[in-house]
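For ligands, and for the atoms within them, numbers begin at 1 and follow the listed sequence.
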Amino acid sequence: DMVLEARNLSKRYGNQKILDNVSLQIAEGEVVVIIGPSGSGKSTLLRILNGLEDIQSGEIYFQGRKVEANEQVWQKLRPEIGMVFQSYDLFPNKTVLENCTVAPVKVQGRKLEEVRGLVERLLEKVGLAGYADRMPSQLSGGQQQRVAIVRTLAMQPKVLLLDEITAALDPEVVQDVLRVILDLAEEKTTMLIVTHEMGFARQVSDRVIFLDRGVIVEEAATDKFFDKP
Ligand code: ADP
Ligand code: ADP
């Protein structure tokens, strides 16, 4: 079944074409990587799929249903289409646990006790057992990004959008974060990933989409994509 689908998306900023007739589909359990030069529109595409940018034309479907372009609809949908950003932006004055429970409790109306249990299991899974009561400033960038991943997973999204989540990290902690995503892929978490890490892209994905100047110029199964001369 298709979890997320984009049909013929086009996006302009003023006169500049950012995305030109972009279509893609992500099936349940699939991991799709988007690669392409800087400025090719990768981040804009992910932001559109999370309702953070308007579009001039095209349609988005979530679990087979067309997503109406209005903020109320997107507010309901965002927990289902979890996004993790390059800048992890944890609330600085909340603990790790509070950062991860606030949206499930306040936005989704779930019980704190239930969410806390889930968050504690997720923290353990990303190698941060025992960090629930720390403040973000006490953590390294790599640890904060892993908390940001837990914060998104705590909403139990149907699909994860990852936008260059290691780009702002010190090189020595990048692998700790990528390891978490590889584990999620192994568990068949549905993901759409923008990354510059080619080794990781090859390892993690089922399919690769190459975006250049707002156009999908190539799309192939990962093995085929990387095996060409
Ligand atoms: P990528 O993620 O592939 O590096 P982006 O989606 O960030 O590319 O950007 C695609 C293009 O859109 C770039 O030319 C960038 O300068 C432009 N762009 C991004 N955000 C804005 C904005 N808010 N206003 C105007 N232009 C923008
Ligand atoms: P509460 O509902 O408990 O008051 P808020 O959601 O209002 O918590 O936010 C708590 C603090 O986090 C505020 O100081 C707010 O400015 C800050 N904050 C809100 N959004 C962000 C964000 N995206 N990144 C970092 N800090 C944020």
Dump the intermediate steps for side-chain contact (heavy atoms from CB on, under 4.5 Å) on Q145 and T166, then the final yes or no. CA-CA 8 Å; Q145 187 59 292; T166 60; over 6 Å; no
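Under a 4.0 Å criterion applied to the non-hydrogen atoms of Q16, ligand 1 contributes the atoms 14 (O). Within ligand 1, the atoms closer than 4.0 Å to a non-hydrogen atom of S43 are 1 (P), 2 (O), 6 (O), 7 (O), numbered from 1 in the order shown. Per-residue contacts place P37 under 4.0 angstrom from the following atoms of ligand 1 (heavy atoms of the residue considered): 3 (O). Near S40, the atoms of ligand 1 lying under 4.0 angstrom from a non-hydrogen atom of the residue are 1 (P), 3 (O), 8 (O).
Looking at E164, K17, K42 and measuring to atom 3 (O) of ligand 1, the nearest heavy atom belongs to K42.
Residue E113 is tested with R116, R110, K111 for a side chain to side chain donor-acceptor pair (under 3.5 Å); the sole match is R116. Checking each of L211, V215, N8 against V22 for a side chain to side chain contact (heavy atoms under 4.5 Å, CB included) leaves exactly one that passes, namely L211.
Of the protein's heavy atoms, T44 OG1, 3.8 Å lies nearest to atom 9 (O) of ligand 1. Atom 26 (N) of ligand 1 has as its closest protein heavy atom Y13 CD1, 3.1 Å.
By the 4.0 Å heavy-atom criterion, G36 is excluded from the residues contacting ligand 1. Judged by the shortest distance from any of its heavy atoms, G214 lies outside the 4.0 Å radius around the atoms of ligand 1.
For atom 20 (N) of ligand 1, the nearest protein heavy atom lies under 4.0 Å away. Counting only heavy atoms, the protein never gets under 4.0 Å from atom 15 (C) of ligand 1.
Residue I18 places no N or O, backbone or side chain, under 3.5 Å from any N or O of ligand 1.
In this model, no donor atom of one side chain and acceptor atom of the other lie less than 3.5 Å apart for Q63 and R65.
Salt bridge present: R202 and D227 bring a charged side-chain N and a carboxylate O closer than 4.0 Å. Checked for salt-bridge contact, D176 and R179 miss the test: no charged N lies under 4.0 Å from a carboxylate O. No salt bridge links E80 with R78; every basic N to acidic carboxylate O contact stays at or beyond 4.0 Å.
Figure legend: R207 and F225 shown without cation-pi pairing, the cationic atom not lying both under 6.0 angstrom from the six-membered ring centre and within 45 degrees of its axis.
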